[in-house]
Amino acid sequence: MLETFVLADYLYALDILAGITAVLILVSSLDDFFIDVYFWGLEAYRWVFVKTRHQPLRIEQLLAKEHQPFAIMAPAWKEYDVIAKMVENTLATLDYKRFVIFIGTYQNDAETTAEADRMARRYPHMVQRATVLNDGPTCKADCLNWIVQSIALYEERNAMRFAGVIMHDSEDVIHPLELHLYNYLIDRKDLIQLPVLSLEREWHEFVAGTYLDDFSEWHCKEMVVREKLTGLVPGSGVATCYSRRMIDELARQNNNMPFNTDTLTEDYEMSHRLIKLGAKQVFVRFPVTYHAKRRNFFTRKEKIVEVESLIATREYFPGGFRAAYRQRARWILGVAFQGWQQMGWQGGFITNYLYMRDRKGIFTSFVGLMAYLIAANLGTIWLLREAGFGFVQYPEFVQPESFTYGIFVTNFWLFLNRIGQRIYFVFLLNGVEQGLLAVPRMAVSNVINFFAVCRAWKVFILHFVTGKRIAWDKTQHSYPSMADLKKQRTRIGDLLLDWQAVSQDNLEQALKEQQQSGKKLGQVLLESGLVSPDILADAISEQVGLPRAILTQSAIVEFSERLPRNLVMRHKVIPFALGESGALNLAIFEPISAEAQAEIETQVTDKLAYFIVCEHEVVNALKWYVTGEDTIMRPSRNVRRVLGDLLVELGVVSLEALETALRNYDASRDGRVGAYLVGHGVISQAQLDTALERQADLTGRFIRVQQAAWGK
């Protein structure tokens with residue numbers, strides 16, 4: 001009997017909870033419905049009164065305006081695997097002449113710094129590196145402030161001034177016409193925001209697809225309404241251009257730091273500060289047509305179709321569940337929690353209404369999940385009743401003639417409207433298939449948001465209680481492959497020619513010497529002093545598709561125990577850092593064999609990531625492993641050839657025989673490599689002496705060539 005009453009009470013409580021949840025959902029849904037109605041009212045007005053009287057802006061008008069200089073800011077913490085690809089693709093595709101990319105790197109992020117330096121050496125007039133003197137990760141705003149200082153110094157050195165400063169991230173694929181659009185508007189606007197959209201994803205990528213859905217609707221509808229209501233355009237973190245005048249004004253007001261370092265969403269907060277200064281802000285939807293591959297919804301065959309889209313920045317958003325909710329948690333922390341804490345509820349009714357829209361998610365995400373749980377309960381009960389199971393219960397709270405029932409019906413129609421809106425905007429930019437997939441992805445998005453809100457509450461409460469600063473919780477980024485971006489790898493000589501690092505005559509001379517000596521072309525160029533070690537390493541990095549790094553003495557010592565020393569010496573791999581994902585970073589000066597990689601993998605539990613460094617850095621590191629002597633990493637002055645390579649070049653021993661002989665070599669036990677090889681009868685003492693003389697001669701020759709080049 002007691003169980004019967006408990007069940008009845010449970011069902012009654014479920015009815016009441018369903019009613020409360022329905023009311024909360026109604027309030028939130030009416031808020032969304034207002035945005036829908038306002039947007040479509042604006043669209044109707046544009047069609048009737050604007051498009052009939054004014055000609056739309058044409059691409060020809062953008063291209064006709066004289067190019068003004070722009071600075072592109074790219075803050076980068078642990079972005080060594082994507083930053084070079086972003087720079088190369090941007091420089092290859094941007095149809096604009098006057099811009100400079102400023103990459104902000106941290107002094108304790110050697111890998112990203114090396115990649116940024118590599119890009120700056122290759123494109124000295126188009127790429128600059130700005131160093132953040134604080135150890136990372138700090139926050140994105142801190143990195144941006146250091147970049148702004150670098151921009152000011154660049155302007156002073158070159159006696160010029162940028163018209164605008166543009167925010168981008170290391171994973172952005174920038175539209176070729178973006179700078180033309182900024183250039184056309186920057187004289188009249190202080191903040192120009194372009195749409196940010198997802199790159200196309202496969203149908204089964206449900207987590208990544210939620211970004212495609214959210215940004216399609218947000219940047220086609222919500223941003224338009226917000227600009228019209230208040231004149232304020234919330235910055236999106238990327239594809240945002242600020243006038244140089246406003247950057248200076250904000251820097252003047254805040255101790256030379258235009259970006260607020262006390263928030264994780266500096267772009268959002270920046271827009272609110274700018275509006276108080278009277279800055280003119282605009283969100284621009286500029287339609288363009290392009291051709292893209294799309295699969296037929298039924299046959300799955302690919303075909304080329306004409307797509308109507310926007311001048312927008314596109315990127316790969318996280319495809320993993322954990323990465324997605326952590327990234328969204330960062331946005332919620334900045335916009336809802338820190339925005340509430342720092343800006344409160346200032347302004348008029350409309351401004352506070354939009355604040356409410358930005359902050360309601362920290363509560364409604366729980367309501368949404370509760371609605372799913374209630375629906376699951378009610379559905380289960382209905383199925384049991386249909387199956388003939390009877391229940392003793394109090395009268396149901398939700399009756400067809402009740403007020404609550406009307407709320408349920410209203411919510412149902414508002415939900416259908418929400419589905420229709422989402423399908424339309426996703427279809428508009430991404431096609432029929434993605435539009436239909438947006439419906440099941442709405443549930444996935446709600447689950448991600450729930451976990452994101454939970455994490456945001458946790459981080460904020462810990463920050464509030466302990467006072468610990470909220471750091472830059474960076475999302476692991478990815479970038480379209482070189483194949484996706486229509487780029488092809490090429491030979492070392494062709495790369496160096498493209499970079500104008502060598503002349504055609506010098507290259508042909510080096511190729512002849514290579515044929516005679518049998519050496520690698522890079523080694524011939526290096527020994528002849530035609531390229532520097534850094535440039536050669538850059539070219540190898542580009543050719544094999546591995547990121548660039550710089551070895552330091554402290555890193556060599558710190559990570560020396562992470563890999564068995566016999567593997568270090570045999571395969572010439574130097575452990576020097578841990579990556580953002582926990583991978584052990586290994587430095588090499590040229591690709592190692594698949595067999596060597598497999599052997600290393602069997603000896604360590606870490607994931608492995610390989611980086612290209614200068615050969616002399618590996619040689620100096622190996623010397624430290626043998627002797628314990630500190631090595632000075634001087635890329636231009638201290639170049640020593642690996643002894644084993646010289647023995648192979650001199651024909652003393654074959655590469656296979658050398659690798660076999662060194663298979664059991666251990667530097668800590670066996671001492672120097674040369675003595676070990678002599679002791680095991682692989683080479684004679686005379687052959688070792690000849691190789692050592694050759695090594696010393698090559699080192700001295702290189703130093704003399706470099707000194708002549710430096711005028712010493």
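Computed from a predicted structure; not experimentally measured. Reckoned from all heavy atoms, side chains included, excluding hydrogens, waters and symmetry mates. Index from 1, following the sequence.
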So, taking the atom named CG in L497 and the one named CG in L507, what distance separates them when rounded to the nearest 0.5 Å? 5.0 Å
Would you indicate whether the side-chain heavy atoms of P258 and N145 approach each other to under 4.5 Å? yes
Can you tell me how far CD1 of I174 sits from CG of L91, rounded to the nearest 0.5 angstrom? 9.0 Å
When you check the side-chain N and O atoms of Y268 and T263, is any donor under 3.5 Å from an acceptor? no
What I want to find out is whether D169 reaches K140 closely enough, with some N-O distance under 4.0 Å, to be called a salt bridge. yes
Just to verify, which of Y242, Y154, Y182 counts as forming a ring pair (Phe, Tyr, Trp, His ring centres under 6.0 Å) with F162? Y154
Side-chain donor/acceptor of T93 to backbone N/O of P176, under 3.5 Å: no
I would like to know whether I72 and L94 meet side-chain contact (heavy atoms from CB on, under 4.5 Å); could you show each step before the answer? CA-CA 12 Å; I72 298 176; L94 271 191; 4.3 Å; yes
Taking the six-membered ring for Trp, are Y96 and F99 parallel (under 30°), tilted (30 to 60°) or perpendicular (over 60°)? tilted
Got more than 12 heavy atoms from elsewhere within 6.0 Å of CD, Q509? no
Checking side-chain polar atoms at under 3.5 Å, does S150 have a donor or acceptor matched by the opposite partner on Q128? no
Apply the test side-chain contact (heavy atoms from CB on, under 4.5 Å) to residues S236 and M223: give CA-CA distance (whole Å), side-chain angles for both, the deciding distance (0.1 Å), then the verdict. CA-CA 10 Å; S236 299; M223 296 284 275; 3.7 Å; yes
My understanding is that only residues two or more places apart in sequence, or in another chain, count here; which of them pass side-chain hydrogen bond (donor to acceptor under 3.5 Å, both in side chains) with E266? none
Kindly compute the distance separating CG (D81) from OG (S170), expressed to the nearest 0.5 Å. 9.0 Å
Could you name each residue pair satisfying salt bridge (charged side-chain N to carboxylate O under 4.0 Å, His left out) that touches residues 238-247, not counting sequence neighbours? E155-R244, D190-R245, R244-D248
For residues N506 and S503, is any side-chain donor paired with an opposing acceptor at under 3.5 Å? yes
Test of ring centre spacing under 6.0 Å for F589 and H616: no
So, does T112 use its side chain to make a donor-acceptor pair with the main chain of A76 at under 3.5 Å? no
Tell me whether the NZ or CZ atom of R58 lies within the 45° cone about the ring axis of F286 and under 6.0 Å from its centre. no
What pairs with E156 under side-chain hydrogen bond (donor to acceptor under 3.5 Å, both in side chains), at least two apart in sequence or on another chain? none
Rounded distance [0.5 Å steps], CG in L563 versus CZ in F576: 12.5 Å
Could you tell me whether E200 and R314 have a side-chain N and a carboxylate O separated by less than 4.0 Å? no
How about E595 and H571: does a side-chain donor come under 3.5 Å of a side-chain acceptor? no
SB check E111 R548 (cutoff 4.0 Å): no
Hey, are E601 and Q597 close enough side-chain-wise for a donor-acceptor pair under 3.5 Å? no
Can you tell me how far OH of Y80 sits from OG1 of T113, rounded to the nearest 0.5 angstrom? 12.5 Å
Side chains of Q193 and T240: donor-acceptor distance under 3.5 Å anywhere? yes
Any ion pair linking E88 and R122 (charged N to carboxylate O, less than 4.0 Å)? yes
